[in-house]
Each structure stands twice: as C-alpha cells, then as structure tokens.
Amino acid sequence: MTHPRQPQHQKPDACAFVIFGVTGDLTHRLVLPSLYNLAASHLLPDRFCIVGIARKGMSSEQLRDNLMEGLRKYATRPVEDEVAQRLLQCVTAIEADPSEPDSFDQLKARLEKLEAARETHGNRLFYLATPPSAFAPIAQQLGRVGLLKEDGKAWRRLVVEKPFGTDLASAKKLNDQLLELVTEHQIYRIDHYLGKETVQNILVLRFANGMFEPIWNRHHIDHVQITVEEKLGVGTRGSFYDATGALRDMVPNHLFQLLSLVAMEPPARFDAHTVRSEKAEVLSAIQPLTEQEALQNSVRGQYKAGMVGDAELADYRKTKDVRPDSTTETYAAIKLTIDNWRWAGVPFYLRTGKALGAKRTEVAIKFRQAPFAMFSCTPIDTLAENYLVIGIEPTQSITLQFNTKIPGPTIRTDGVQMKFNYKDYFQAEPATGYETLIYDCMIGDNILFQRADSVEAGWKAVEPFIEAWKKAGRDGLHGYEAGSEGPQAAADLLARDGRSWRKLA
Ligand code: BG6
C-alpha cells in the first residue's frame, strides 16, 4: 500500500526475487500472475531477476516453460507475449534442498554471480511458497550461508505464506526460529485478505471520513458480525483440511484481520509500526475464555451430502483423505468480546464455513435501535435494523441500511439501502489480489503484513475453542446439509442474545 505522501507508482529497488516452491500451485496460481500484472503495469524493478529454486536437473529453459504454462492457465488478463517474455527472461533455475545443506552454499555462489550480472545490488527477497514445514529449515539454511544478513544498504527479506503455525505454541516456535535469523522488519507474513481492496479500504472508510468514528463504539454499535461463507467443499485438500478445520484455517488469520481493522483504535500515523501496533493491541484485548465458556460461545458443524447450486456435494467424511470418523469442523461460529472502553459489552459474532448455499464475505456493523416510543401512536410496528455493511465478496461494496418513510398520507416506514459499489466508480484491471502484497514486499512496506505479536494474539484468542472442541470430540458437532445456511445452532447462538445473523440482501 503506497503511503499517501509517496509518489504514485514508485518503482521498487533493483532486487533478486527468489522463489522456493517455484513449480507449486501457489506460484502458478498467484505469485507469477501477480508478477505478470506488475510487469504489465511497469511496476517491477528495472534491474530484476527471478530465481526459481527448482528440483534437481531442471534447466532455466524448462522452468520458464513450466511457468509460462502456469501463466496461461491462471493469468487474470490476456497474456501478451512481449510482457511474458520480458518477465520470463528474468527467470533462472537454481537447485537447493534444505536436506542437502551443501546445496545452499552453491545457491549462494550462483546467486551472487547472477546478482552481479543483473546489477541487483544485493537486495534479495526470499519467497517461501512451500508447505509450512519447510519454512524454518529453508530460513535456517539461508541464514547459515549468510544470505539473510543485511549489509550496508542491501536489504534481505523473507516472505512467509499461511498457515503461520497451527496453534499458539507452534506459531511462537516459528516466530522464535525466524527471529533468530532475521529481525522483524525483514519478515513479511502474508495473509491474502490484506491484499483485497475492500479490506484495505476499512482503514480509509473509518479514518479518512469524519462521520463514522464518533459513532464507532459501544454507545452506538449494538454488535458486529463477520461472515466468510463459501460454496466450495474441501475438494482435493482433504488431508490438509482434516488436520486443520474451519477455525484454524480461517479465524486467527482472515477473520481476525477483518476484526482488527474494524475494532482497532485510530493509529496516530499511517505507518507499519503504528498501524500494526494498534491491530495487535486490539487482538490482545479479546476477552480470554475458559474452555467451558468457549463451548458456550461457539458452534461447530460438519457438512453432510447435499446440493450446492446445481452441483451435488458428497458428505465431508467421504472426501478423499478425510478420516471416515472425522470430527473436524467445516463450519465455525464464535462469539467474542473485546475488553476495552470502546467495545465493552459489544459482541463480535464470527462465522465461517464451507459447502454453504452462497459465497459471501462481509462485515456487518449493527447500530443500536432508535427509541421506538415516539412511533407508538403511529401505524409503525417495527423499525428496520440499521446496518453498515462492508461487502468483500461477491460484491465489493459499502451499504447503509436505514428506515425511510413510505410515500403516502399515513406514516409508515420501510428499510432501504444506500449502496456504493466499487465497480460503479473505479475500473480496476482484474487482479489476483496479491499484486499489492508482492509490490509492498519489494518497496519494503510491511503495513499489510502480520507482525509476530498479532499472529500470537490471534492464536491465543482461539486456543480455548481449539482445546474445548478437541476434548468434546463428537459431542456438539452439528451436521448441516451442503448448500444450506449452516447449522441451526449458529442461528440459536445469536437468538439467545435476542439477535440474528444478517440475511443475504
Ligand atoms: C484460504 C483457506 O486461506 O482462504 C481456504 O485456506 C479458503 O480454505 C480461502 O477457501 C478463502 O479465501 P477467499 O479469498 O476466497 O475468501
């Protein structure tokens, strides 16, 4: 995210972009198409090289072919030969395998030679697009051979993909391992939600407008709902998902990014340190729950066979690589509160699930009801709810719902909506959502990346749910039909408080 005072479209410094996992799904689907989009917008450095850490025996030529194939499949816009060639001629394949430490000594020698030839001034970015078990071993080898040490003006950065740990202890361990090798400012922990324009816009909506902040607190807000619903089932990711579940997969990362942006205090400055400190602060203010309280304030579900749209989806337990007696949740709803003056007593309801009837990602802020008494002598019997809804998927929008008078001689009201749709105002090239993140890694702005303390605060807040659900096993796991709205118990969680989830408009 470029700072307001920075000139638009600053070109990144010359650098070497080293990708581990270069022939993997993530590189094909997101990293390369994003680099392509940046190349097309002339936002790559003038002096640049891409080093793909490839398997033994793969030549640079073969790697370029492999990447070109991926690009044709996943590019978000028509691939222009000139741009693709400009990008791919930067690619060199080099072998390195953390189980063969010598290969990293060779990597160092070859990389330094390449850097001299390409005049990249020793600036390096190591992108770990690998399974998480490889993060620490790769970083340790890079550290051992001295590739991560910043010297003079040359910068060295480590980009780490999700998932960052599987619980508080493993996230702490990984943070400790990385922080032994590099300092925090060198680490870029990616959460792709922060690449979404509408997610970044939460900061602008709240802090670049004078009218929201005065009412953004417990005096005016009744509660907040954060919803990430997906139609897709688990697909081919059975083995990862069955060990992970909806809560770990989505809540401490993506849903908490949304929560922290909505709930954080106004940062004094728009810089990485200040913004990330406020985000970490609010996450650490989530009220700690006992396991018993976690059970009372949560619902988990697992999908059964059903129709999602026109497509039939098999029972979760019949998915490839899922245990037939699995108790892993594919749906999670939790209620949290934040222990500070702004939010005391305001519940935050979070829900996420797979194989649901609709794809929807939104943050809905529900304002307190207006006093009804003055209407008691009119035909009005109910007032519509006042919501401000930040739509992230499928439409990128901001909607305000309020009551208005129905034209006519008697006083009657109806709930209406004022809606801003991104696409009505701005034309954006179709993008992967990773462009800003990759660009920011290269210009050294880590405002959109997770800091160690936030990651740990996130895991800490979900730990009671993880532990309580593990112990409860099958008890309290609700089945729901694929294609439905999720388990009824999730509706009951709010009904208990006299509230309900916002219906799809
Ligand atoms: C990923 C999860 O991080 O986010 C997936 O591992 C999930 O299970 C995806 O489907 C959702 O992302 P989005 O951008 O489609 O909401």
Side-chain angles (χ1 to χ4, degrees), residues 21 24-31 33-34 74 76 128-133 135 159-167 171 189-202 225-259 261 300-303 308 313 316 319-322 326 328-332 350-363 390-397 422 428 430-438 448-450 455 458-459 462 482 486 504:
D25 193 51
L26 181 73
T27 304
H28 279 179
R29 272 190 312 112
L30 293 165
V31 181
S34 307
Y74 294 111
T76 58
L128 309 190
T130 62
S133 56
F135 296 162
V159 184
V160 187
E161 272 290 339
K162 167 183 175 275
F164 198 91
T166 53
D167 55 16
R189 298 176 192 80
I190 288 204
D191 182 312
H192 80 274
Y193 264 52
L194 287 173
K196 295 179 191 272
E197 287 293 346
T198 27
V199 175
Q200 295 173 20
N201 189 46
I202 297 175
Q225 298 182 9
I226 301 181
T227 300
V228 181
E229 295 177 330
E230 296 184 85
K231 285 165 86 169
L232 294 177
V234 168
T236 53
R237 299 165 75 216
S239 108
F240 159 78
Y241 199 87
D242 206 40
T244 306
L247 183 88
R248 283 187 163 101
D249 189 33
M250 301 294 290
V251 177
N253 33 65
H254 308 325
L255 276 85
F256 277 5
Q257 287 302 335
L258 299 175
L259 180 142
L261 289 168
R300 66 199 164 113
Q302 191 184 68
Y303 67 82
V308 182
L313 195 66
Y316 171 70
T319 312
K320 186 171 172 291
D321 299 329
V322 166
S326 168
T328 299
E329 79 288 352
T330 60
Y331 183 100
L350 278 56
R351 61 176 164 168
T352 183
K354 299 240 180 241
L356 297 167
K359 165 94 177 153
R360 164 165 62 151
T361 304
E362 67 172 37
V363 178
I390 300 164
I392 295 159
E393 289 270 355
T395 49
Q396 305 192 319
S397 57
Y422 256 78
T432 62
Y434 257 56
E435 291 81 358
T436 313
L437 298 176
I438 289 180
L448 293 178
F449 297 84
Q450 302 194 78
V455 172
W459 280 116
V462 296
L504 259 184

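Position 1 is the first residue of the sequence, and the numbers go up from there. In listed order, ligands and their atoms are each counted from 1.
- Heavy-atom proximity to Arg237, at under 4.0 Å, picks out these atoms of ligand 1: 2 (C), 5 (C), 6 (O), 8 (O).
- From the protein, the heavy atom lying nearest to atom 10 (O) of ligand 1 is Glu230 OE1, 2.5 Å.
- With ligand atoms numbered from 1 in the order given, ligand 1 contributes 5 (C), 7 (C), 8 (O), 10 (O) to contacts under 4.0 Å with heavy atoms of Lys354.
- In terms of polar-atom proximity, Lys359 is counted as a contact of ligand 1, with an N or O under 3.5 Å from an N or O of the ligand.
- For atom 16 (O) of ligand 1, the closest heavy atom belonging to the protein is Tyr193 OH, 2.5 Å.
- Of the candidates Glu393, Lys196, Arg360, Lys196 brings a heavy atom nearest to atom 14 (O) of ligand 1.
- The protein atom (non-hydrogen) at minimum distance from atom 1 (C) of ligand 1 is His254 NE2, 3.6 Å.
- Ring geometry, Tyr241 versus Tyr316: the interplanar angle exceeds 60°, so the pair is classed perpendicular (tilted spans 30 to 60°).
- Note: no N/O pair closer than 3.5 Å links Thr361 and ligand 1 by distance alone.
- Test Leu356, Ile392, Val363, Thr361 against Val228 for side-chain contact (heavy atoms from CB on, under 4.5 Å) and you get one pass: Thr361.
- Distances below 4.0 Å separate heavy atoms of Asp249 from the following atoms of ligand 1: 2 (C), 5 (C), 6 (O), 8 (O).
- Looking at Glu435, its side chain does come within 3.5 Å of a backbone N or O of Gly433 through a donor-acceptor pair.
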Check your understanding: Should Asp249 and Phe240 be marked as a side chain to side chain contact (heavy atoms under 4.5 Å, CB included) after you check the CA-CA gap, both sets of side-chain angles, and the distance that decides it?
Key -> CA-CA 10 Å; Asp249 189 33; Phe240 159 78; 3.7 Å; yes
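- When each atom of ligand 1 is checked for a heavy atom of Lys162 under 4.0 Å away, the hits are 1 (C), 2 (C), 3 (O), 6 (O).
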Practice item. Decide yes or no on side chain to side chain contact (heavy atoms under 4.5 Å, CB included) for Asp191 and Phe164, but give the supporting numbers first. Key: CA-CA 10 Å; Asp191 182 312; Phe164 198 91; over 6 Å; no
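- Glu329 places a side-chain N or O within 3.5 Å of a backbone atom of Leu247 that can act as its donor or acceptor partner.
- Remark: side-chain polar atoms of Thr330 are paired, donor with acceptor, to backbone N or O of Tyr303 under 3.5 angstrom.
- Of the protein's non-hydrogen atoms, the one nearest atom 12 (O) of ligand 1 is His192 NE2, 3.1 Å.
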Exercise for review: Could you walk me through whether Lys196 and Glu393 pass side chain to side chain contact (heavy atoms under 4.5 Å, CB included), step by step?
Suggested key: CA-CA 10 Å; Lys196 295 179 191 272; Glu393 289 270 355; 4.0 Å; yes
